[in-house]
Chemist: 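Questions regarding the structure given below will be posed in turn.
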Amino acid sequence: MSEQGVSGGAAPPAADVVEFFDTTLRDGEQSPGASLDPLAKLQVARQLARLQVDVIEAGFPASSPGDLEAVRTIAREVQGPAVTGLARAVRSDIDAVHEAVRDASRHLIHVFIGVSDVHITEKLGLDRAQVLARIREAVSYARSLCTTVQFSPEDAGRADPDYLCEAVQVAVDAGAGVVNLPDTTGYCLPFEFGELVSTVRSQVRGMAGVLVSVHCHDDLGLATANSLAGIAAGARRVEGCINGLGERAGNAAIEEVAMALRVRRPLLGLGDNLDARELVPTSRMVAALTGIGVPPNKPVVGGNAFSHASGVHQHGVLRDRRTYEIIAAEEVGADGTQIVLTARSGRHALVHRLHRIGVDLPAGDLSAVWARFLEVADGSKQVEDEVLIRIVGEVHGYRPGAAAQ
Ligand code: KIV
Ligand code: ZN
């Protein structure tokens, strides 16, 4: 049996620290079109270690021999985060996860089974009592192989709360050290999900020594809000994917939850172990390797997250970026505040961009360039540096870097 603490090898997190469990390589890889070959998975896992996530869920080892091998390679080669894999509540899946992760210096086994009535009857063809028996058997068996077992009652968000508590009680009594509450279908509203987490924490006996985690899907665009509601209700681990990848509409985006915790730290008083400067590099790597691009307006990691296009906003951020930015681009490894020139831009932005390309016009010469800039901008989405150079050349014959005459 491996020697590990409750949270997958490290000591349980301090009450004021939220751990990040990254499932980009499992739930994220289940996004249609996102599958990764073993080498790409290893590359992402190494980057997740640089990001300093606490746990990497590297795959679903029972799903294919190739995935088992990919998880095993990550477990052997990636240092830092604990490594886990997903198992249905059956011995063969649990054996596959154990086989795949046992060589990691810190590892855990993640066991799940559906607990909503529609999962129990329609998907599993069981009754409630049979599911409880499966939980007892699976968690006990996983505990016989590994010190740390995480139990996920799938579809907790739509389960009868009393039955959910019974299911979690059985898992805790059988030795689960981590209870992860999934809103599998992204159904809950934030206040409800927070209540669900509180109910489980208060109704199940023995929760003092158990780490509560949350796993929220984004079917209604509430995954980040629900994750934060869970954290506010006492969860100290959050599961998610880079770029919000995951089944259907995806999982909570790690970068969104992380930056919400950081930006609102004065209110929430919670820390984390991430190196946030790796968020954008990680996002770019995942986008490149999965082929699933990041929408420009995606919070934190989207191409527009630190871009300002309107004159009012540009004037503000050029005076003090805090007027319209709550995150500094450098904090998340982004390229910096971008002043984008469009037909909605103002003169301050034009002067700023001209200065960046080495053109400092005497005040009297700006108006003609400004007028021509507006004509060009009205006919295009953005005015790039090459076009600006052309405009000043046409209007005044200036060349970048040449002293204004
Ligand atoms: O969404 C879900 O319920 C899951 C579990 C297996 C944790 O991905
Ligand atoms: Zn999921």
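In each ligand, atom 1 is the first atom listed, and ligand 1 is the first ligand listed.
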Chemist: Return the minimal non-hydrogen interatomic distance between Phe306 and Glu325, and the atom names on each side.
Modeler: O-OE2, 3.8 Å
Chemist: Between Arg248 and Asp218, does at least one N-O distance fall below 4.0 Å, as a salt bridge requires?
Modeler: no
Chemist: Does NZ or CZ of Arg91 lie under 6.0 Å from the centre of the six-membered ring of Tyr141, at an angle within 45° of the ring axis?
Modeler: yes
Chemist: Are there any protein N/O/S atoms under 2.8 Å from the Zn ion (ligand 2), and if so, which?
Modeler: Asp27 OD2, His215 NE2, His217 NE2
Chemist: Run Arg158 and Thr184 through side chain to side chain contact (heavy atoms under 4.5 Å, CB included) and show every step you take.
Modeler: CA-CA 8 Å; Arg158 291 190 300 168; Thr184 303; over 6 Å; no
Chemist: Taking atom types as modelled and ignoring hydrogens, do the side chains of Ser213 and Asn180 form a donor-acceptor contact shorter than 3.5 angstrom?
Modeler: yes
Chemist: Answer yes when Arg72 and Asp103 have at least one side-chain N-carboxylate O distance shorter than 4.0 Å, and no when they do not.
Modeler: no
Chemist: Quick one: does any side-chain atom of Asn243 pair with a main-chain N or O of Ser283 as donor and acceptor, under 3.5 Å?
Modeler: yes
Chemist: Salt bridge or not for Lys123 and Glu154, using N-O below 4.0 Å?
Modeler: yes
Chemist: May I ask you to decide whether Glu394 forms a salt bridge with Arg390, counting only side-chain N to carboxylate O separations under 4.0 Å?
Modeler: yes
Chemist: For ligand 1, what are the residues with a heavy-atom contact below 4.0 Å?
Modeler: Arg26, Asp27, Leu86, His110, Phe112, Ser152, Glu154, Asn180, Pro182, Thr184, His215, His217
